[in-house]
Every structure is written in structure tokens, then in C-alpha cells.
There are 2 protein chains.
Amino acid sequence: MKPKATLKKISDKLQISISTVSRALKNHPDISEHTKQKVKELAELMDYEPNNYAISLRTNNSKVFCIMVPQISNLFYHSFISAVEEEARLYGFSLMILQSGGDPAIEIANLKICRQNRVAGIFVAIGTATKDIQPFLKMDDLDVPVIFFDKVPSFQACNKVCIADEKAGTIAADVLLRNNKKNILGIFGDPEMSITKKRLDAFSQKIAEKGKSIQLKTKHALTAEAARKIVHKCLTPLQKIDAIFCMSDEILTGVMKAVQELKLKVPESIGIIAHSNGFIPNLYSPEISYVETSGHKLGKLAYNRMSACLSGSTFIQELTVESVYIEGGSL
Amino acid sequence: MKPKATLKKISDKLQISISTVSRALKNHPDISEHTKQKVKELAELMDYEPNNYAISLRTNNSKVFCIMVPQISNLFYHSFISAVEEEARLYGFSLMILQSGGDPAIEIANLKICRQNRVAGIFVAIGTATKDIQPFLKMDDLDVPVIFFDKVPSFQACNKVCIADEKAGTIAADVLLRNNKKNILGIFGDPEMSITKKRLDAFSQKIAEKGKSIQLKTKHALTAEAARKIVHKCLTPLQKIDAIFCMSDEILTGVMKAVQELKLKVPESIGIIAHSNGFIPNLYSPEISYVETSGHKLGKLAYNRMSACLSGSTFIQELTVESVYIEGGSL
DNA sequence: AACATTTTCGCAAACGTTTGCGGCAAAGTA
DNA sequence: TACTTTGCCGCAAACGTTTGCGAAAATGTT
């Protein structure tokens with residue numbers, strides 16, 4: 001890009017020094033109001049745009065964050081990204097969004113891109129295959145805060161923001177119980193992810209509290225297609241499943257596909273509840289009841305945490321956002 | 001970010017000059033193989049990462065593209081973005097994705113962000129409210145190529161890549177005719193957008209070729225909700241609509257919602273066909289037949305065009321990608 | 001041996017901006 | 001009047017990298 005106006009050009013025209021131009025544009029107290037006004041007017045007239053590369057090189061400080069996700073097509077990430085973008089825009093930051101495809105090798109390559117671009121901080125949802133987060137923790141040594149969100153490392157001490165998984169699990173189970181469901185199929189995500197473990201444990205525990213009168217069968221699905229197959233396999237005349245819990249939007253799409261294929265009536269023949277951001281549940285009639293796991297609040301929280309880290313906060317925090325139940329017509 | 005290794009540190013350790021280190025890492029022919037090897041080994045040992053800010057400042061050349069879209073939740077953009085990201089990654093470019101919310105004022109602010117970050121080029125899907133594209137064309141004066149895609153300016157001479165709208169419209173109409181649909185409701189997008197005009201004209205013309213035996217009613221919907229209401233209004237016992245064409249995924253979601261609410265059987269009572277990237281049609285059973293308007297090929301094409309512009313090509317091109325019909329079970 | 005060419009480096013300037021420090025003039029204080 | 005403080009600027013260096021040009025040594029040619 002060929003910039004048209006620089007500090008030097010302004011200083012030449014006004015017969016003042018470059019440093020004065022710089023200070024005037026920054027409202028530095030050492031510069032007189034008269035000089036400030038002249039500088040600002042001319043800068044505006046000349047469409048002066050600061051060169052962020054020069055600024056970042058000089059200040060060793062960039063105004064770019066990276067958001068790294070497995071895939072941008074995951075609906076949960078939309079609201080997260082938009083929330084972070086809103087906040088970032090307020091403070092003059094830009095976002096670089098990098099996809100990893102859930103591949104650890106690409107995550108490493110993405111970290112390299114982050115280092116080369118000297119990003120100020122990284123928000124990352126790791127892939128399910130990511131076991132070693134040392135490369136991420138090393139970014140902290142370079143003073144680049146890393147905030148994990150959604151799929152976060154289970155045991156390592158690191159900055160994390162996530163949905164309150166236990167609560168989300170408990171709410172869903174609670175709703176099913178309140179709707180007198182007796183034979184429940186719970187389809188959860190990747191069993192190795194902490195979000196899955198937490199939600200499953202809370203869900204099962206809540207169901208178990210009701211005693212032997214409630215049957216719960218739990219399965220795991222990593223894709224919509226896997227979830228679809230589980231439904232075909234479990235919903236046989238011998239097994240009177242009366243409700244299905246879907247731990248994610250993706251699982252919900254697979255379940256709903258199977259329900260339609262089996263021509264089951266919702267909620268008459270089968271009840272459905274999901275963890276969702278709301279987009280998919282609203283595609284169906286009656287609308288699917290869901291426990292909202294919106295990324296929006298999470299994005300705001302993650303941004304706050306990032307700001308704290310950039311301001312010098314060095315301690316590790318794991319923050320959570322509560323879920324809320326949104327009633328549709330599927331139970 | 002606090003970099004650990006710099007050219008200077010390497011040059012200090014090897015007792016050679018900074019410029020030699022730089023040239024060695026770039027395989028400059030003036031540097032001996034012996035020196036190159038020593039430099040590269042030490043650079044790797046020290047985890048040297050070039051500082052892109054310094055490079056961009058010195059070379060007046062950045063390796064960042066901007067993709068500007070109204071909203072990342074639009075499914076069409078996922079494949080477009082992923083395609084551009086794949087190509088960009090191959091050539092060492094990063095992507096900055098900015099949302100405009102379809103607001104022209106935010107588009108202007110985003111262009112400012114692009115200038116401040118000295119982006120190498122911009123891929124932009126403008127919002128429906130954007131009338132004045134002069135601010136975009138001005139980026140060309142700054143040697144920042146702008147490639148319009150999806151929602152593109154109608155009349156201005158500018159670089160555009162889009163789906164072959166006429167062909168997409170014709171294919172959909174052709175499919176409906178081949179399935180002997182006699183009473184068709186066509187729901188199109190914003191009537192002011194060129195993609196809408198082109199698809200509607202081609203669609204209508206194809207239907208009209210069949211003579212008076214085919215009834216076509218066309219409507220416009222800017223949201224899924226508007227599409228839903230149109231279906232409720234048009235599908236009365238007096239109006240024997242036997243097929244609905246949906247010009248986008250968003251319109252399709254509204255139409256399918258209404259179809260479910262009205263408890264219509266697809267395809268027995270009503271046929272459905274849409275322009276789509278495939279995600280939404282696959283959520284239903286039977287799957288919705290669609291004319292694929294995938295952003296993936298478009299992304300590759302857009303990237304090619306961008307490369308040509310960066311290599312010095314100054315003439316204006318409007319490039320198109322053909323659509324393909326994907327049969328589901330909805331007709 | 002003298003001159004020309006090639007190889008392989010180093011110096012220094014450039015990019016655009018920020019910022020510490022000092023200089024000078026004006027105003028304030030004893 | 002002499003000294004101190006304040007206001008308002010400019011100089012110069014810094015950031016990390018690239019690159020033009022020149023210098024010195026080695027090699028080649030007459």
C-alpha cells in the first residue's frame with residue numbers, strides 16, 4: 001500500500017518538526033493548542049492515516065488479536081467472534097481469524113503466523129486432537145496472552161472462559177424430568193473433552209437423583225452423521241425412548257434428520273432438547289427447546305480477561321458463563 | 001510481543017553483519033554457502049521469527065488480506081473464506097475478517113482499519129444498503145486491489161467474482177419444469193441487488209418459455225421471517241402452489257419453517273428447491289434439492305484475481321462461477 | 001606483472017512513528 | 001536584578017529489517 005500522507009509531509013508543510021506533528025496528533029500537553037489545531041486540520045485535509053506497522057515496530061505493541069477456531073462454520077463461534085469483534089473495535093484492535101481444522105499441526109503453524117504478526121493476544125478453541133498445549137503456553141513467555149474458550153485443556157493451569165458445563169448439563173436434565181420423561185437418550189460429544197465429561201456427569205447425576213424410575217442411555221457422537229445413526233439404532237419398537245438430549249447443535253442436526261426420516265412426531269412421539277445457540281432449534285416447527293450456550297457472553301468475558309492480561313494481570317483464571325433455558329415446543 | 005531473537009542477535013553471535021544475516025536467510029546469491037548454513041542453523045536454534053512489522057515497513061508491502069462481509073453467519077461466506085484462507089496460507093498471507101453488519105458506515109470504518117493496517121488487498125461482499133462504492137474504489141488509488149464478491153455493485157466497473165446468476169436462475173426453473181410443477185411460488189432476495197435481478201429474470205424467462213400453462217408468482221423476502229410469512233400468505237386452499245423456489249439459504253429456512261407449521265408433506269404436497277451451499281438442505285428429510293451456490297470455487301477464483309492484481313494487472317474483470325444442480329428428495 | 005572480473009562481505013541509509021532529553025524564551029518569584 | 005520554573009518546541013535515537021553501493025580479497029586473463 002502506498003500511503004499518501006506521512007508525519008514528515010505534514011511537518012514539511014507546516015515548517016515544524018516531525019515529533020511535534022506526532023505529539024500534536026496525540027494531544028500531548030507539551031504542544032500548544034494553536035499548533036495542535038493546525039496539525040489536526042492539515043492531517044484531516046491530507047487524509048493522514050497512521051502507519052500501524054511503524055507504530056507497532058516502534059512501540060513493540062500491536063493492535064491485532066487472533067481468534068483461532070477449528071472451523072468458522074460452528075455456529076457457537078459466530079456469536080463469540082462477533083462479541084470479541086465488537087469489543088475490539090471499541091479499543092482500536094483488529095481481529096485475525098485463523099482456522100485450524102482441528103489439526104494440531106495447523107494450530108502450530110497458526111501460532112507461528114501469530115508470532116510473525118506479533119499479535120497482542122490469542123483467543124483459541126483447540127481441536128479435539130490437541131493434547132500438547134505447551135506451544136500455546138509458550139506464547140505467554142513472549143508476553144502474548146492466550147485465552148482458551150469452548151474446547152479448553154482439561155487439567156493444565158491456563159486462562160479459560162467457558163460455559164458452566166455442569167449447570168448446562170443439570171438444566172437440561174432438570175427440564176426433561178419436569179416434563180416427566182422416563183426413557184432418555186443422551187447424545188454427548190467427544191468423550192475426551194472436558195466439556196463433554198462435565199456435562200455428562202452433571203446430566204447423569206441429576207437423572208440419577210430421581211432413582212431407578214428414569215432410564216438413561218448415553219452415547220457419544222463426533223459428527224452429525226454419527227448422531228443420526230445412533231438415533232436409528234436406539235429408536236426401535238423395543239426401546240421406548242421418549243426424549244433425546246443433544247449436547248450440541250451439530251448433534252441436534254443429526255438427530256433431527258433421523259427423527260424426520262423415521263417420521264416421528266415432535267413432541268408427541270419424541271421429545272428433543274439440546275444445548276444450542278438457537279439458530280438450529282429455530283429451523284424446525286415446533287421449535288426445539290434448548291439450553292442456550294451462546295458464545296456472545298463468553299466473547300465479552302473472554303475479551304475482559306484478555307484486557308486484564310494485557311494490563312499486567314498475571315494470575316490464571318478460569319471463568320464461566322451461566323446457561324439459560326429457552327422453551328420451544330419439542331418437549 | 002517480546003521477540004527473543006533478532007537479526008542483530010544472530011549477527012552478534014556469528015561476528016558478521018546484520019545485512020549478511022538477512023541475505024543468508026533469504027538465500028541471497030552474494031552470500032557463501034558456508035555462511036548461509038551457519039546463519040540458518042543459529043536462526044533455527046534461536047527460534048528466530050522475522051518481525052513482519054519491520055518487513056512491511058521497510059518493503060511497504062504487507063502480507064495481510066482483508067475479507068469484509070456483512071455477517072460471518074452467512075453460510076455462503078464460510079466456504080468462500082475457507083477457500084481464500086487455503087490459498088493465502090500457501091503464499092504466506094494472513095486474513096483479517098471484518099464484519100460490516102450491512103451498515104455502510106461500518107464499511108467505511110472497516111476501510112479505515114484496512115488502510116491503517118496497510119492490507120495488501122480486500123475481498124468485499126457489500127451490504128444491501130451500500131450505494132456509494134467510491135470509498136472502495138479509492139483503495140485502488142492506494143494500490144490496494146478490491147475484489148467484490150457475492151453482493152457486488154451492479155453498474156460500476158470494478159473487479160467482481162460471482163456466481164453465474166442467470167445460469168443459477170435458469171437451472172432452478174428448468175428443474176421445476178422437468179418435475180412438472182405448474183404453480184410456482186418464487187421467493188427472491190432484495191430486489192435492488194443485481195444478483196436478485198439476474199436470477200429472477202432468468203428464472204422468469206425460463207418459466208415463461210413454457211407458455212401460459214405454468215403459473216409463476218414472485219415475491220421478495222429480506223429475512224427468513226419475511227419468507228415464512230409469504231408462505232403462510234400464499235399457500236391457501238384457493239391457491240394451488242405446488243412448488244416453492246427459495247433464492248437463498250436464509251429464505252429456505254423461513255420457507256421450511258412455514259411448511260412444517262402448515263404440516264405440509266414434502267414433496268407430496270409441496271415441492272421445494274433452493275439456491276444453497278448445501279448445509280441447510282441437508283438438515284431436512286427428505287433432503288431439499290438445490291442449485292449449489294458454493295462459495296468455495298468463488299473463493300479460489302477471487303484469490304486468483306487478487307494475485308493478478310497484485311502482480312500488476314490493472315484491467316477490470318468480472319468473473320463468474322457456474323452452478324450445479326444437486327438432487328435431494330424435495331421435488 | 002598488470003589489469004579485469006568475480007566473490008563475499010560490511011556500511012549506511014531507508015521505511016514511519018514515538019519518545020527522552022535538552023535548548024530557548026517567557027513568565028514567575030525572591 | 002538574578003534565579004527558578006514553565007511552556008513549547010526540535011534533535012536524535014530507537015524499533016527490525018532490507019537493500020544499494022562500495023571495498024577488499026581472490027581468481028582469471030592478457
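So you know, we letter chains A, B, ... as the sequences are listed, proteins then strands, and number each from 1. Note that the structure is a prediction, hence the values are computed from the model and not measured. FYI, side chains are in, hydrogens and waters are out, and symmetry mates aren't considered; it's all heavy atoms of this structure.
- In this structure, A:Leu14 places its CG atom 11 Å from P of D:dC9, rounding to the nearest Å.
- Axis orientation changes by 50° from one end of the helix from C:dA1-D:dT30 to C:dA30-D:dT1 to the other, with each end axis drawn from 5 pairs and the value rounded to 10°.
- Relative to the side chain of A:Ser17, the nucleotides C:dT17, D:dG10, D:dT17 differ in distance, and D:dG10 lies closest.
- Where B:Ala54 and B:Lys36 meet DNA chain C, the nucleotide closest to each residue was compared, and B:Lys36 sits on the side nearer the 5' end.
- Cation-pi geometry between B:Arg115 and A:Tyr48 is not met at under 6.0 angstrom from the ring centre and within 45 degrees of the axis.
- For the pair A:His28 NE2 and C:dT17 C1', the interatomic distance rounds to 14 Å; values are reported in whole Å.
- The distance from atom NE2 of A:His34 to atom P of C:dA26 is 16 Å, rounded to the nearest whole Å.
- One interatomic measurement links the two molecules: CG of A:Asn51 to C1' of D:dG16, which rounds to 14 Å at whole-angstrom precision.
- Taking the six-membered ring where the residue is Trp, B:Phe65 and B:Tyr303 present perpendicular rings, their angle passing 60° and hence far from 30°.
- OP1 and OP2 of D:dG7 both lie 4.0 Å or more from every side-chain N or O belonging to A:Ser32.
- As judged by a 4.0 angstrom heavy-atom cut-off over every strand, B:Thr35 is placed among residues touching the sugar-phosphate backbone only.
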Could I get a table of every N or O pair under 3.5 Å where one atom is in the protein and the other is in nucleotides 19-21 of chain D?
residue: D:dT19; atom: O4'; partner: B:Arg58; partner atom: NH2; Å: 3.0
residue: D:dG20; atom: N7; partner: B:Arg23; partner atom: NH2; Å: 3.1
residue: D:dG20; atom: O6; partner: B:Arg23; partner atom: NH2; Å: 2.8

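- Heavy atoms of A:Ile55 sit under 4.0 angstrom from primed sugar atoms or phosphate atoms, though from no base atom.
- Checked by atom type, the side-chain pair B:Gln99/A:Ser82 shows a donor-acceptor distance below 3.5 Å.
- Distances shorter than 4.0 Å separate none of the side-chain N or O atoms of A:Tyr53 from OP1 or OP2 on C:dT18.
- With sequence neighbours excluded, no residue forms a side chain to side chain contact (heavy atoms under 4.5 Å, CB included) with B:Asn304.
- Within 4.0 Å of B:Pro50, counting heavy atoms only, lie sugar-phosphate atoms of the nucleic acid but no base atom.
- The interatomic distance linking B:Asn60 (CG) with C:dT17 (P) rounds to 11 Å, in whole Å.
- Atom C1' of nucleotide D:dC11 and atom NZ of A:Lys8 are separated by 14 Å, given to the nearest angstrom.
- From A:Lys9, atom NZ reaches atom CG of A:Leu14 across 14.5 Å, with rounding to the nearest 0.5 Å.
- Taking the side chain as every heavy atom from C-beta outward, A:Ile16 and A:Thr35 approach each other to under 4.5 Å.
- Between A:Ile16 atom CD1 and D:dC9 atom C1' there is a gap of 9 Å when expressed in whole angstrom units.
- One atom, CG of A:Leu7, and another, P of D:dC11, lie 15 Å apart when rounded to the nearest Å.
- B:Val84 has its side chain within reach of B:Phe80: a pair of non-hydrogen atoms, C-beta onward, lies under 4.5 Å apart.
- Two residues are said to be in side-chain contact when any heavy atoms from C-beta on lie closer than 4.5 Å; B:Leu137 and B:Cys158 meet this criterion.
- Judged by distance alone, the side chain of A:Ser79 and the main-chain N or O of A:Ser294 form no donor-acceptor pair under 3.5 Å.
- The shortest side-chain heavy-atom distance between B:Val69 and B:Phe149 falls under the 4.5 Å cut-off.
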